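This report concerns only the one structure given below.
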Amino acid sequence: MDLNDANLQSLMEFLRKTLDPDPLVRRPAEKFLESVEGNQNYPVLLLTLLEKSQDNVIRVCAAVTFKNYIKRNWRIVEDEQNKISDPDRTTVKANIVNLMLRSPEQIQKQLSDAISIIGREDFPQKWPDLLTEMVTRFQSGDFHIINGVLRTAHSLFKRYRHEFKSNELWLEIKLVLDTFAAPLTELFQATIELCQTHAKDINALKVLFSSLTLISKLFYSLNFQDLPEFFEDNMETWMSNFHNLLTLDNKLLQTDDEEEAGLLEMLKSQICDNAALYAQKYDEEFQPFLPRFVTAIWNLLVSTGQEVKYDLLVSNAIQFLASVCERPHYKNLFEDQNTLTSICEKVIVPNMEFRSADEEAFEDNSEEYIRRDLEGSDIDTRRRAACDLVRGLCKFFEAPVTAIFSGYVNSMLAEYAKNPGLNWKHKDAAIYLVTSLASKAQTQKHGITQANELVNLTEFFVNHIITDLKSPNINEFPVLKADAIKYVMIFRSQLPKEQLLQAVPLLMAHLEAESAVEHTYAAHALERLFTMRGPNNTTLITPGEMAPFTSQLLNNLFKALSVPGSAENEYIMKAIMRSFSLLQDAIVPYIPTLIDQLTQKLLLVSKNPSKPHFNHYLFESLCLSIRITCKANPSTVGSFEEALFPVFTEILQNDVQEFVPYVFQVMSLLLEIHSDSIPSSYMALFPHLLQPALWERAGNIPPLVRLLQAYLEKGAPTIASSAADKIPGLLGVFQKLIASKANDHQGFYLLNSIIEHMPPESIMQYRKQIFILLFQRLQSSKTTKFIKSFLVFINLFGVKYGAIALQEIFDSIQPKMFGMVLEKIIIPDVQKVSGPVEKKICAVGITKILTECPAMMDTEYTKLWTPLLQALIGFFELPEDDSTPDDEHFIDIEDTPGYQTAFSQLAFAGKKEHDPIGDSMGNPKILLAQSLHKLSTACPGRVPSMLSSSLNADALQFLQGYLLAASVQLV
């Protein structure tokens, strides 16, 4: 693509179409842009358009498109096409910083993200001048430019907060500190001075406080891994200024907005974070500053209002106190009973209250409320922080804190009892307090695993929780109902089973609640209860105990999906999946109705997939329906295909990328259920599965390979007779996969199925070429994973076609090649093979080479006979060699960058491990003994003399044991 006006104009038109709400206009434009991504100059054209276009919408669209393009393609992945040419990479890096700093803020943010994505890959080695280019801009005095640099630096360095320690990381941080720490400190001081100069100029203050917030965030990132010497030497400068900013109150910066945090709140909450970091990690060095920070933050907490805009500030301030009170040598600050009472009264209780803002979220923004409350993303909420502070205080002061709060809980419950309609929020706070007091340790899988002995959870459940669940009006006090359901859910491992069984029908009734939060919690609680393990590793709640409720449970779950706002509720879908899994055969009578509802739902969501978890559980539920029903009656598979194929066809025709891998998995499951032949509906699809475009997406590869394996297992003769012209296409797929380090094992899965199932004459002409391709890959890139797969393949070939055929095919490629493979690959590396089926294939294959290949007995290969036998006995008796060379690191499928649909394995579409040898061969050790006996009978005297001359004593002893067990001897 040349850099000219015509191309710019055309690109502009396509970008405009990508904004069109009509999918018939939008999708082709998106497809076109995807197709030109690999063209040279494409990123440069986007940047040119972004800089020169007069249309602001186009500029923003170009910026977003550019950022996403960089996100998908900048990282160079081995075995995958590099879509960005070197000249384009150089041009982008040479211009992007400048362009970012000159752009308006909306575009600056997109380009800043793009720089950090490039920086993650290229900085510092391939982009050494990035930092110096940025730091020199601090001198510009223009805060639009300075904030652009700070924002970029923040997105570049924030990964230091969660990277694992490594030498490489230390070196990078050291380089950053050497270049960046001093100018950042100077900028910090200069900005604070400017704040004093412009104390009455609101516009200047807004820009300066944005800078201070970004500088504070950078401080956090640069200090996270370890305390840098520079910051230790300059701690006085930073900490005294942080302290002053915490106590600063400029009326001009106060906002009237009750929802949105202002600049002052954002800065102060980041400073609380920075102080907590130092208090936790560098407490010795921070000790001189700690008392004044505790005082400042305490004063901040008791003087800050309940408005939503202060939430982040208050929760970070409380988190600071929580991190301090957990440290043994700050314990003396909290020992006094009056201090504890004061913290409980002035900080914890007020921040546990259910505010009108929470009530609004509960009613009008249930998804966000659930995300915060259930999934723990409420890390920034006041309640979560107060809860953490309670846990922190309980570490050293459990008895006094529990005593103080017990008083509060009792008085709150008494208030509620006086007038439930008016005082229900008191009970809500009481339940939250009990929960935070009682919870010591928690896991996703088991809920609360360790509880405070001073809190009687069962008694509280009987007196205060079950009453709310039993209330006949499920829509009254929905917040308290949700609290009660959540209590059952999180204390499920602490409550006795009979109370859980008592709760199950009540939870099922709450699935009919109008409140989205209430019926979602009910679904989630049921799903969690159904996964609990009882004795003997079975489920705690048995299918028998659920039998009386099956109809109501399924009914209510599916009914809940039709409530407005819950049409794609992932918790309900997960509960449906878990109910199917628990109830097993009991759901069979309901399947005809349910499969219809699930198919309708699938058709609906495939139009615009937006909830990945919901979609995943939907496909899992489909798989369970198929498995359970077809296990009882395999002939029902046809009715599932009738129901699902029209939807699947639509998904494949519209190329709904998110769903295609799922469709292939469900189709594999269906096809594997067929007993012998392959239905014509599948054969019609077969040619389409070999199209190269499908194999370009990493997420399609595992399910497509499995589907092709199912085709080969069920219909190899049909393919050989009616689709023989497709065999080269099938081998083409194998060739593509084998060339990739990430996917070569998938190529072997396919190849092994071809060898095992295809009629020998149908692939005769291709066999030599297959081996040549494998040798070429061995020469170009020999990895442990490849060797293991290669060994399994050649032994499977030997088992299937005989050892003579194996030796002949090797020697036809190059004379004496068979000996080289034995000496250089099989003998030294067979110990690396893992997996029971794989080991069995290799053992049987090597036995055949030893005992059914004349060339091993009377040619130059004979010298390899004993070392091969020694290797096989070692394979039986020695531990597996699981070492891999240091320089080998496999790119995991999950690691591919950008937005490629990753492959999500459906647990309930799982494939049973297939054993191509089966039970026909028996124990491989016995097989070896019997085969050696047969060989020695054919050439008497030869085998014992070969053994006695060169097999080591241990191996000989093991072999005697095999012969004894098989009741045979060598002659």
Side-chain angles (χ1 to χ4, degrees), residues 79 690 705 708-709 712 716 719-720 724 726-741 743-830 832-833 838 841-850 852-856 859-861 864 868 871 916-917:
D79 304 328
L690 305 176
V705 166
L708 288 180
Q709 284 183 287
L712 289 160
I719 293 171
K726 297 294 174 276
I727 295 173
L730 197 57
L731 293 167
V733 168
F734 149 74
Q735 185 174 353
K736 177 182 167 58
L737 295 174
I738 218 76
S740 148
K741 277 189 196 171
N743 297 316
D744 49 16
H745 59 296
Q746 296 285 351
F748 276 110
Y749 292 159
L750 185 58
L751 180 59
N752 292 347
S753 289
I754 292 172
I755 293 299
E756 186 188 344
H757 299 295
M758 287 299 279
E761 64 284 355
S762 66
I763 54 163
M764 192 73 176
Q765 56 182 325
Y766 307 110
R767 287 194 333 205
K768 185 172 175 181
Q769 187 54 36
I770 289 172
F771 278 87
I772 291 171
L773 284 172
L774 293 174
F775 279 118
Q776 285 169 346
R777 166 62 211 271
L778 258 180
Q779 282 172 326
S780 68
S781 164
K782 178 181 169 184
T783 64
T784 307
K785 177 160 75 108
F786 186 87
I787 291 286
K788 284 160 76 170
S789 300
F790 180 68
L791 283 166
V792 174
F793 162 70
I794 53 183
N795 283 300
L796 180 67
F797 188 93
V799 172
K800 176 82 180 171
Y801 291 112
I804 299 175
L806 186 66
Q807 175 248 319
E808 284 175 350
I809 201 161
F810 277 131
D811 287 346
S812 71
I813 294 170
Q814 188 186 318
K816 301 187 184 165
M817 171 79 91
F818 183 57
M820 287 192 278
V821 171
L822 288 175
E823 193 176 356
K824 298 280 192 305
I825 298 175
I826 297 183
I827 293 170
D829 287 327
V830 72
K832 290 192 163 82
V833 173
E838 290 82 352
I841 292 169
C842 290
V844 174
I846 293 171
T847 299
K848 282 186 173 292
I849 294 171
L850 285 165
E852 293 176 19
C853 180
M856 288 298 289
T859 64
E860 68 270 36
Y861 295 151
L864 297 169
L868 183 61
I917 291 171

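The shown structure was predicted, so the numbers you read here are calculated from the model rather than taken from an experiment.
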Main chain of Met817, side chain of Asp811: is a donor-acceptor contact present, judged purely on distance under 3.5 Å?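 Here the side-chain-to-backbone pair exists.
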Can you name the closest pair of heavy atoms from [X] and [Y] and give their distance?
X	Y	result
Ile841	Ile917	CA-CD1, 3.5 Å
Tyr766	Pro728	OH-CG, 3.6 Å
Ser789	Phe748	CB-CD1, 3.0 Å
Ala716	Pro759	O-CD, 4.1 Å

Who are the side chain to side chain donor-acceptor pair (under 3.5 Å) partners of [X], not counting sequence neighbours?
X	result
Tyr749	none
Glu756	His914
Gln814	none
Ser753	Gln709

Among all residues two or more places apart in sequence or in another chain, which pass the side-chain contact (heavy atoms from CB on, under 4.5 Å) test with [X]?
X	answer
Ala855	Gln807, Cys853, Thr859, Tyr861
Pro854	Ile804
Gln776	Ile772, Leu773
Lys800	Ile755

Are any of the side-chain heavy atoms of [X] and [Y] separated by less than 4.5 Å?
X	Y	value
Asn752	Pro916	no
Phe818	Ile813	no
Phe786	Ser781	no
Ile787	Leu778	yes
Ile825	Val830	no
Asn795	Val844	no
Lys788	Asp829	no
Met856	Leu822	yes

Only one of Leu751, Leu690, Ile763 passes side chain to side chain contact (heavy atoms under 4.5 Å, CB included) with Leu730; say which it is.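 Going through the options one by one, the only one that passes is Leu690.
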Test ring-ring contact (aromatic ring centres under 6.0 Å, His included) applied to Phe734 - qualifying residues, sequence neighbours left out: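 Per chain and number, Phe734 pairs via ring-ring contact (aromatic ring centres under 6.0 Å, His included) with no residue.
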Could you list the residues that satisfy ring-ring contact (aromatic ring centres under 6.0 Å, His included) with Phe775, not counting sequence neighbours?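 So Phe775 forms a ring-ring contact (aromatic ring centres under 6.0 Å, His included) with Phe790, Phe810.
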Nearest-0.5 Å distance that lies between atom [atom1] in [X] and atom [atom2] in [Y]:
X	Y	atom1	atom2	result
Lys736	Gln746	NZ	CD	13.0 Å
Leu712	Ile719	CG	CD1	5.0 Å
Lys832	Cys842	NZ	SG	13.0 Å
Ile827	Ile846	CD1	CD1	8.5 Å
Gln769	Leu774	CD	CG	10.0 Å
Ile809	Ile770	CD1	CD1	8.0 Å

Using salt bridge (charged side-chain N to carboxylate O under 4.0 Å, His left out) as the criterion, list what pairs up with Asp744, not counting sequence neighbours.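 So Asp744 forms a salt bridge (charged side-chain N to carboxylate O under 4.0 Å, His left out) with Arg777, Lys785.
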Set of residues satisfying salt bridge (charged side-chain N to carboxylate O under 4.0 Å, His left out) with respect to Lys848, sequence neighbours excluded: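 So Lys848 forms a salt bridge (charged side-chain N to carboxylate O under 4.0 Å, His left out) with Glu852.
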